[in-house]
Amino acid sequence: MLVDPADLTAADHLDAAREMAATNRPFLAHLLAEEAARLTADPATAAAIRAAFPDPNGDRLTCPPATSSTP
């Protein structure tokens, strides 16, 4: 069954992160947890999710802020 990724909730991502952690896939768990945290409205809950699934490489994936530049 195919699922539209836009329909996935924070809980869906968190469940998948737990599955990846249980099957020794810590980086995938981290990425899924980051998405769960991003979809979480409460900052304290988002921080707890991130703390539970730290980046196994010790790096944090960060994207630079969007900027608009007009010539």
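The figures here come from the full heavy-atom set of this structure, side chains too, leaving out hydrogens, waters and symmetry mates.
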Inset, instruction - Using the salt bridge (charged side-chain N to carboxylate O under 4.0 Å, His left out) rule, collect all pairs that involve residues 5-21, keeping only residues at least two apart or in two chains. - result: D15-R18
Legend entry - Residues which pass side chain to side chain contact (heavy atoms under 4.5 Å, CB included) with P26, listed by chain and number, not counting sequence neighbours: N24, P56
Legend entry - Residues which pass side-chain hydrogen bond (donor to acceptor under 3.5 Å, both in side chains) with D42, listed by chain and number, not counting sequence neighbours: T45
Legend entry - side chain to side chain contact (heavy atoms under 4.5 Å, CB included) partners for R25, two or more places apart: M20, T23, L28
Legend entry - Contact summary for H13 and L8, nearest pair of heavy atoms: CE1-CB, 3.5 Å
Legend entry - Under 4.5 Å side-chain linkage, directly or through intermediates, the cluster mates of F53: L14, I49
Legend entry - Interatomic spacing from CG in D55 to CZ in R50 - rounded to 0.5 Å: 12.5 Å
Legend entry - Where A29 and A21 come nearest, the two heavy atoms and their spacing: CB-N, 3.7 Å
Legend entry - Minimum heavy-atom distance between H30 and P54, given as atom pair plus value: ND1-C, 3.5 Å
